[in-house]
Protein chains: 2
Amino acid sequence: MTETPKFRRQAPDARKKDLVKATIRCLEKKGSDGLSVRSISSEAGISVGLINHHYPSKDDLIADAYEKLATDILQNVVDIVAETNGSPREKMSAFFKAYFSSIVLDQKFLRIWIVFWHMSDKSEQVRLSHDKTNAGFRQQIELMLRDLVKSSETPEFNYRLAAIGLSGMLDGLWLEWCLNPDVFSPEEGLMLCEGWVDGLMAGAFKL
Amino acid sequence: MTETPKFRRQAPDARKKDLVKATIRCLEKKGSDGLSVRSISSEAGISVGLINHHYPSKDDLIADAYEKLATDILQNVVDIVAETNGSPREKMSAFFKAYFSSIVLDQKFLRIWIVFWHMSDKSEQVRLSHDKTNAGFRQQIELMLRDLVKSSETPEFNYRLAAIGLSGMLDGLWLEWCLNPDVFSPEEGLMLCEGWVDGLMAGAFKL
DNA sequence: TTTCTTATTGAACGACTGTTCAGTTTTATG
DNA sequence: CATAAAACTGAACAGTCGTTCAATAAGAAA
């Protein structure tokens, strides 16, 4: 007579992936209130103690979740842009469209970022995840901007700085929309980004 | 023989002002860790119970602190702009300069906003304070933009939307600088805002 | 089948949280 | 000077939190 096992073992890497996924689900469901070891372990279907078995501290798990989520979204958007046929300017529009689509611009989804930003101030591990993923994000924007200049009569400008500006406006609009979606519509956010690039091409950030 | 009193009574309004000030000092000193009733009451030199005597809940005190801080800063910057002699465009530059000065652009100071944003997601009272003060902030920007159009050949644009865009970029830049001040300098942030307005005047957000 | 490694459990711990409330003390008023 | 209103105290309460660790059990290796 074979007993049903009380739990199933997993290799550390597989278990860690489970925990990261559970962490993100918790954030989506309950915001920062979901970020307790008890909430996460319950969501993952494991005991409280297991988190500290696989991670030195809870913050390390959260940092992993940050990195996973940010990387996935960036990849997602990069893919969409890559699939877009057209000029660099049109690819840029596709990029904006993806970012202001309901997939990314979801209140429950965006508030995760506020939690992460908040944690960046409290946890060194999360701060490092932020730095890393944000640099990757700006780099992608920079690439698009370079293509833009090559393909048109857009005047030269400081790519690094322009990427920071655009990235900053995107973050700021996300933030505001997340805190109060009644102030402006996703379509209006899109228009603002398009206008920003038009200003850039018109020479607003000329060297 | 007169005994030294164990505590001094204050009128509710005066005490509440003290508590708001103590809350802001706690935030500056310890970030979100300073936002406990024990931390605040200690900073204010009163007992834990007094907070709930004057406020229905801790969140109401924090919402008051949010409003006080945001209103003060806005007033401060508005004053600086009012004292500036020159064209609307020059006043706008004075506005940016004030916002990227070391008074506002201080890491310990900016991170307070992240805490407030984070709390907006958790507390209805704080959310209302955010909505109110943010609307006032955007309104000030809108006023400056209207003056800009009146005084120059700047093409007409959607004032409301433009104010949202500029406000969004300012928030985003604050956020990024606060999370990692090594990515760009205050001077570079200033340049980005100037460029944004130049783009606006060049017709990037034309109707 | 037995042995051994280690993933997993869950109670326990100590520290913290916001709120309550009975009792105390100040201070203005009669 | 007596009285009454209410500002104020601080212990107590019922939670929460992340981490620890001895005990347990799964499952691969011998």
Side-chain angles (χ1 to χ4, degrees), chain A residues 1-20 22-23 26-27 29-65 115 118-119 121-126, chain B residues 1-20 22-23 26-27 29-65 115 118-119 121-126:
Chain A
M1 172 176 177
T2 52
E3 308 267 348
T4 56
K6 294 189 177 175
F7 57 85
R8 298 217 304 193
R9 282 181 163 226
Q10 289 206 18
D13 282 355
R15 183 60 84 192
K16 282 174 113 176
K17 280 188 183 174
D18 280 355
L19 288 173
V20 164
T23 304
C26 279
L27 275 168
K29 283 185 189 172
K30 295 183 276 180
S32 66
D33 290 336
L35 274 191
S36 71
V37 284
R38 280 162 185 85
S39 169
I40 294 169
S41 59
S42 163
E43 176 71 35
I46 50 99
S47 70
V48 265
L50 197 54
I51 288 177
N52 286 290
H53 177 74
H54 289 294
Y55 286 97
S57 80
K58 195 192 70 165
D59 286 5
D60 293 279
L61 167 57
I62 294 173
D64 259 20
V115 177
H118 179 242
M119 287 221 56
D121 192 46
K122 306 184 74 176
S123 157
E124 179 68 11
Q125 295 99 313
V126 178
Chain B
M1 171 175 175
T2 52
E3 308 267 349
T4 56
K6 295 188 176 174
F7 58 85
R8 299 216 303 193
R9 283 181 162 223
Q10 289 206 17
D13 282 355
R15 182 62 82 194
K16 284 174 111 174
K17 280 188 182 173
D18 281 356
L19 289 172
V20 164
T23 303
C26 279
L27 274 168
K29 284 184 189 173
K30 297 183 275 181
S32 67
D33 290 335
L35 275 192
S36 71
V37 286
R38 280 161 186 84
S39 170
I40 295 170
S41 59
S42 163
E43 177 70 34
I46 49 99
S47 69
V48 264
L50 195 55
I51 287 177
N52 286 290
H53 177 73
H54 288 296
Y55 285 97
S57 81
K58 195 193 70 164
D59 286 5
D60 293 279
L61 167 58
I62 294 172
D64 259 21
V115 176
H118 179 242
M119 286 222 54
D121 193 45
K122 306 182 73 175
S123 157
E124 180 68 12
Q125 294 99 313
V126 178

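Hydrogens, waters and symmetry mates play no part in the numbers below; they use all other heavy atoms, side chains included. Just so you know, these numbers come straight off a predicted model, no measurement behind them. Here is the naming used below: chain letters follow the sequence lines, and residue numbers restart at 1 for every chain.
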Exercise. Among C:dT25, D:dA26, D:dA11, find the nucleotide with the atom closest to the side chain of B:V48.
Key: D:dA11
Side-chain donor-acceptor pairs of residues 31-38 of chain A under 3.5 Å, sequence neighbours excluded:
residue, atom, partner, partner atom, Å
A:S32, OG, B:H118, NE2, 3.3
A:D33, OD1, B:K122, NZ, 3.4
A:S36, OG, A:S39, N, 3.0

Exercise. Round to the nearest Å and state the distance from A:R8 atom CZ to C:dT8 atom P.
Key: 11 Å
Quiz item: In whole Å, what is the span from the CZ atom of B:R9 to the P atom of C:dT24?
Solution: 15 Å
Exercise. Taking the side chain as every heavy atom from C-beta outward, state whether B:R15 and B:R9 have any atom pair closer than 4.5 Å.
Key: no
Self-check item: Any B:R15 side-chain nitrogen or oxygen under 4.0 Å from OP1 or OP2 of D:dC8
Solution: yes
Quiz item: Over how many whole Å does the gap from A:L19 atom CG to D:dG18 atom P extend?
Solution: 14 Å
Quiz prompt | Interatomic spacing from NZ in B:K58 to CE in B:M119 - rounded to 0.5 Å | solution = 5.5 Å
Quiz item: D:dC8 P sits how many Å from B:D18 CG, rounded?
Solution: 9 Å
Quiz prompt | Position toward the 5' end of DNA chain D (nearest nucleotide), A:D33 or A:G49 | solution = A:D33
Exercise. Could you state the atom-to-atom distance from NZ of B:K6 to C1' of D:dA7 in whole Å?
Key: 15 Å
Practice problem: Determine the contact category for B:R38: base if any of its heavy atoms lies under 4.0 Å from a base atom, sugar-phosphate if only primed atoms, P, OP1 or OP2 are that close, otherwise nothing. | Solution: base
Quiz item: Do the side chain of A:N52 and the main chain of A:G49 share a donor and acceptor less than 3.5 angstrom apart?
Solution: no
Exercise. Please state how far atom CZ in B:F7 lies from atom P in D:dG10, giving the value in whole angstrom units.
Key: 9 Å
Exercise. Could you list the residues that satisfy salt bridge (charged side-chain N to carboxylate O under 4.0 Å, His left out) with A:D121, not counting sequence neighbours?
Key: B:R111
Practice problem: Specify the residues of residues 50-63 of chain B, ordered by number, for which at least one heavy atom lies under 4.0 angstrom from an atom of DNA chain C. | Solution: B:N52, B:S57, B:K58
Quiz item: When the nearest nucleotide of DNA chain C is assigned to A:G45 and to B:S39 on a heavy-atom basis, which residue is associated with the more 5' position?
Solution: A:G45
Exercise. Measure the spacing between CD1 of A:I51 and CD1 of A:I46 and express it to the nearest 0.5 Å.
Key: 5.0 Å
Exercise. In whole angstrom, give the distance that lies between atom CD1 of A:I46 and atom P of D:dG18.
Key: 13 Å
Quiz prompt | Distance-minimising heavy-atom pair for A:H54 and A:P12 | solution = CE1-CA, 3.7 Å
